[in-house]
Novice: 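Let me begin by handing over the structure; questions about it come next.
Chain letters run A, B, ... following the sequence lines, proteins first, then strands; residues in each count from 1.
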There are 4 protein chains.
Amino acid sequence: MPLKRLFDTQVKATRAKRERRKEARPGELLQAALDLFVEKGFAATRSEEVAARAGVSKGTLFLYFPSKEELFKAVVRENISGRFSQWNDEFVQFSGSTADMLHTCMDIWWSRVGDTQASGISKLMLGEACNFPELAAFYRQEVVQPGHALLARIVQRGIDSGEFRAVDASQTAFSVVASMVFVMMQRHTGGVCVPADTSFDPVAFLHHQVDLMVRGLQAPPTEAS
Amino acid sequence: MPLKRLFDTQVKATRAKRERRKEARPGELLQAALDLFVEKGFAATRSEEVAARAGVSKGTLFLYFPSKEELFKAVVRENISGRFSQWNDEFVQFSGSTADMLHTCMDIWWSRVGDTQASGISKLMLGEACNFPELAAFYRQEVVQPGHALLARIVQRGIDSGEFRAVDASQTAFSVVASMVFVMMQRHTGGVCVPADTSFDPVAFLHHQVDLMVRGLQAPPTEAS
Amino acid sequence: MPLKRLFDTQVKATRAKRERRKEARPGELLQAALDLFVEKGFAATRSEEVAARAGVSKGTLFLYFPSKEELFKAVVRENISGRFSQWNDEFVQFSGSTADMLHTCMDIWWSRVGDTQASGISKLMLGEACNFPELAAFYRQEVVQPGHALLARIVQRGIDSGEFRAVDASQTAFSVVASMVFVMMQRHTGGVCVPADTSFDPVAFLHHQVDLMVRGLQAPPTEAS
Amino acid sequence: MPLKRLFDTQVKATRAKRERRKEARPGELLQAALDLFVEKGFAATRSEEVAARAGVSKGTLFLYFPSKEELFKAVVRENISGRFSQWNDEFVQFSGSTADMLHTCMDIWWSRVGDTQASGISKLMLGEACNFPELAAFYRQEVVQPGHALLARIVQRGIDSGEFRAVDASQTAFSVVASMVFVMMQRHTGGVCVPADTSFDPVAFLHHQVDLMVRGLQAPPTEAS
DNA sequence: GATGAATGAGGATTCATTCAT
DNA sequence: CATGAATGAATCCTCATTCAT
């Protein structure tokens, strides 16, 4: 094989590998950034660290994201995509009691969000909302709105079926959200939300909350019966 | 008027203006710091800004608070922890039902903390806890611990009086805290916690929450058995 | 006694006391400054500390000395005054051998300078000479010159009496000075001049030095004897 | 020339300039720091000045040295401690008399340290030791300890060979150090250690000192006994 | 004269961002 | 495209000095 061919081949191979990596780059960077932002917050995460964790150099990071702020936005956007439609479908088909549905809802949330880095993003979002208003708006629309709608729908189902009293479903949905927010905060602040000498089991808490809520919602025993 | 009196008065007058300012300084600085911390977060608030807003120079700030972290601690003490004992006292004397007590508790919290910049401090703390572990520990000890204890005590009172079922008082206290956290977050993130098209009335929410909780806690009717 | 008289008396008494103190002020400040400069060096000594140690307020210090630099100069000038003439006289009358004279010289230096804050001033002077050239010139003239002359005279006495070889008396005087400088440095630097695991006894060192020097200076045994 | 060779060469050429600069940086910075520390002292030298003199920006300095103190340590290592082992080796091989060895020692010290900015560092250290205890400890360990050990070894060699009386080698080593300290002080204080009207030749002084010392150390003639 | 509250220039250090290679 | 050396704006904190009282 002539030298030129060989060289060309090498170059191609090199380029091919590079391009494969190149396409993966943004994703690797976003993942690294996600990890670090969740772990240390926006301000405390250094650009260089993100690059290092993604296995590239500082300069490369800025090749893909024009600034740290844009990187942050990209991280949030990337990780906030709506898994709600899928989620919603699961609930549409649910056939048990609404009380069970709420417990199931918490379990699913915990396994898919709460116990995941995804909860870190939400916590981060809440922390930095003031500094990134457009991002906050985006989050509100993509996460908060559908989430709240889903929960309100569940509560409404309970009302419609006679399991629950006729309460304000939207207001009640916030009760569920509040529990989630509390758990996320607790998890991603090193436990500041709970006294140092008190243990906190998120799953137990979530079910305690649902239990309390369900009892509170259940229609009072009809006198006649 | 005897000469001595006159002399004394003059001395007092002479020192008065200065000292009045000196005594007012810490308060002015704390207020400025509170405003800015709540508005921009701890890390993003520059010491000099705090000084400027209090109408003094950079150096003066450090005359009263040895460091930015100590300033923050002082803000927390001034606005939150300092109020617990007084708060606690009010509840010790409370003579109504525990359900009423919880409603009152929310009202008081709302008027003294939630509807105040003090709630911004708590939100802030949650946002920056990871980056300032020492402050977090301080907050946990000075605010979270006594706050949680106070709420747990109220729940326990309900159990002891037979108003409530025998639940885990500590766990249940978190329900109340979660509501407060939710409200604080909503308030200090420009409303991200609630869908854009949905109105949110914090006071209504808090009472809705207490109402739900109280119903959920109330001992089931004993007659049937 | 009428009030006015009484008051006047008080005022006078107050004034008297004040004036007495006032006259003492510069001295007290200089003493405080001496202590601190010797202990911590020029840069590390804070003006306020000097004032505090002298029992006055920061402002008062600047009433007597226009700046920290001027204070330093005053301290050096104050503490460097020539005790050399007196010293010289003592030696003129000395009747023993020159070897003894050198040993005595060291003893006197040690008790009057080396073991005193006065040595701190010299050490300070050497450290800050570049930053205070005029002061250095003053020191050179008031301390170094007469000191060196005194020592050279002693060596010359030994030569003249035949105790010592005919060496360069001036050069040899530096040998003595070098020992003193070494001791001062060791004493006022926390011992940097000597390995950490080695003990250093200044007096023993000084006499060891003189002993070595004297032996080195002694005229070689005249062959004839 | 094969293509590969050519390509390699280009790559080398491409990186050459950058890397040459990068490799030169620490040296340039150390030189700048040495100059400035010697000229103005440690505390009075601003980091930015060092950078400026080395022709780089403030930030670059901290790219190579994590703090001003570490920079100082590096300067000491580069200019003093780093040279001891080499120095020591030279003496191990020395075959002449110990008297000659001491004279040689002074010559070497003078040419490598005394007549160099390295002596400025030592002088500096003595001036600032109190304020930077950590640096002082470092210097003591890295410079004073090995230096003193080296000198004591030389003296001991003379004793062992019968050239010198049986004196305390450690104590005697200080005699040599004292001479060096004196010379350094004289050199780096604008000459304060010597009267203004007296000339001072460091080399002559050093040899005068060694001469005196050697004579003082030489074993007394044994014939008489 | 004294006081001590207030000042603000100054200095070490960090880190997002740029750009020559 | 990728790199990583270089930059310099930004920020906390200190302390000599001033000046209203």
Side-chain angles (χ1 to χ4, degrees), chain A residues 14-15 18-19 21-22 25 43-52 55-69 71, chain B residues 10-11 13-19 21-23 25 43-51 55-69 71, chain C residues 15 18-19 21-22 25 43-52 56-69 71, chain D residues 10-11 13-19 21-23 25 43-51 55-69 71:
Chain A
T14 305
R15 198 165 353 129
R18 265 214 179 155
E19 287 188 0
R21 291 199 66 195
K22 184 196 148 188
R25 280 286 148 75
T45 297
R46 289 184 310 145
S47 307
E48 192 163 11
E49 267 181 295
V50 174
V56 300
S57 74
K58 223 180 332 184
T60 304
L61 173 62
F62 286 89
L63 229 49
Y64 290 93
F65 302 95
S67 76
K68 200 184 164 188
E69 296 212 347
L71 173 63
Chain B
Q10 281 184 327
V11 166
T14 305
R15 313 182 68 182
K17 197 158 158 198
R18 266 267 168 118
E19 296 207 346
R21 290 195 79 187
K22 196 203 160 176
E23 275 156 32
R25 278 287 138 75
T45 298
R46 282 178 302 140
S47 305
E48 193 164 9
E49 266 181 297
V50 175
V56 300
S57 74
K58 211 176 359 177
T60 303
L61 172 61
F62 290 94
L63 230 48
Y64 292 91
F65 304 94
S67 73
K68 204 181 158 189
E69 294 217 350
L71 174 63
Chain C
R15 198 166 354 132
R18 266 214 180 158
E19 288 189 2
R21 291 199 65 194
K22 183 197 150 189
R25 280 287 149 74
T45 296
R46 289 185 311 144
S47 306
E48 191 163 12
E49 266 180 295
V50 174
V56 300
S57 73
K58 220 177 339 181
T60 304
L61 172 62
F62 286 88
L63 229 48
Y64 289 94
F65 303 94
S67 75
K68 201 184 165 189
E69 296 212 349
L71 173 63
Chain D
Q10 282 183 326
V11 165
T14 304
R15 313 183 67 182
K17 198 157 154 196
R18 265 267 168 116
E19 297 206 344
R21 290 194 79 186
K22 195 203 161 179
E23 275 155 31
R25 277 289 139 73
T45 297
R46 281 179 302 139
S47 305
E48 194 163 10
E49 265 182 297
V50 175
V56 299
S57 75
K58 215 178 349 179
T60 303
L61 173 61
F62 289 93
L63 230 48
Y64 292 90
F65 304 95
S67 74
K68 204 180 160 189
E69 294 217 350
L71 174 63

Novice: Take atom CG of L63(D) and atom C1' of dT17(E), then tell me their distance rounded to the nearest Å.
Specialist: 14 Å
Novice: Which heavy atom in A43(B) sits nearest to a heavy atom in K68(B), and how many Å separate them?
Specialist: O-NZ, 3.4 Å
Novice: Hey, which sits more toward the 5' end of DNA chain E by its nearest nucleotide, K58(D) or V56(B)?
Specialist: V56(B)
Novice: OP1 or OP2 of dA2(F) sitting under 4.0 Å from any side-chain N/O of T60(A)?
Specialist: no
Novice: Compare the minimum distances between each of dG8(E), dC13(F), dT13(E) and the side chain of K68(B), then state the nucleotide with the smallest one.
Specialist: dC13(F)
Novice: Looking at E49(B) and A44(B), what are the two nearest heavy atoms and their distance?
Specialist: OE1-O, 4.1 Å
Novice: Figure out the CZ/P separation between F62(A) and dT7(F), and round it to whole Å.
Specialist: 18 Å
Novice: Toward the 5' end of DNA chain E, which comes first, A44(A) or G59(A), by nearest nucleotide?
Specialist: A44(A)
Novice: For R46(A) and dC15(E), what is the distance between atoms CZ and P respectively, to the nearest whole Å?
Specialist: 5 Å
Novice: Name the stems that DNA chain E belongs to, where each is three or more consecutive Watson-Crick or G-U pairs with both distances under 3.5 Å?
Specialist: E:2-21 with F:2-21
Novice: Could you state the CG-C1' distance from L71(B) to dT11(F), rounded to the nearest angstrom?
Specialist: 15 Å
Novice: Grab the CG-P distance between L61(D) and dA12(E) for me, whole Å please.
Specialist: 10 Å
Novice: Can you name the residues that form a salt bridge (Lys or Arg N to Asp or Glu O under 4.0 Å) with E69(C), not counting sequence neighbours?
Specialist: none
Novice: Mapping S57(D) and A43(C) to their closest nucleotides on DNA chain F, which lands nearer the 5' end?
Specialist: S57(D)
Novice: Considering just the side-chain nitrogens and oxygens of S47(A), establish if one lies under 4.0 Å of OP1 or OP2 belonging to dA16(E).
Specialist: yes
Novice: Atom CD of E49(A) and atom P of dT14(E): how far apart are they, to the nearest Å?
Specialist: 14 Å
Novice: Can you name the nearest heavy-atom pair linking F62(A) to S47(A), along with the distance?
Specialist: CZ-OG, 3.9 Å
Novice: Can you check the Y64(D) OH to dC15(E) C1' distance for me, whole Å?
Specialist: 17 Å
Novice: Round to the nearest Å and state the distance from E69(C) atom CD to dC15(F) atom C1'.
Specialist: 14 Å
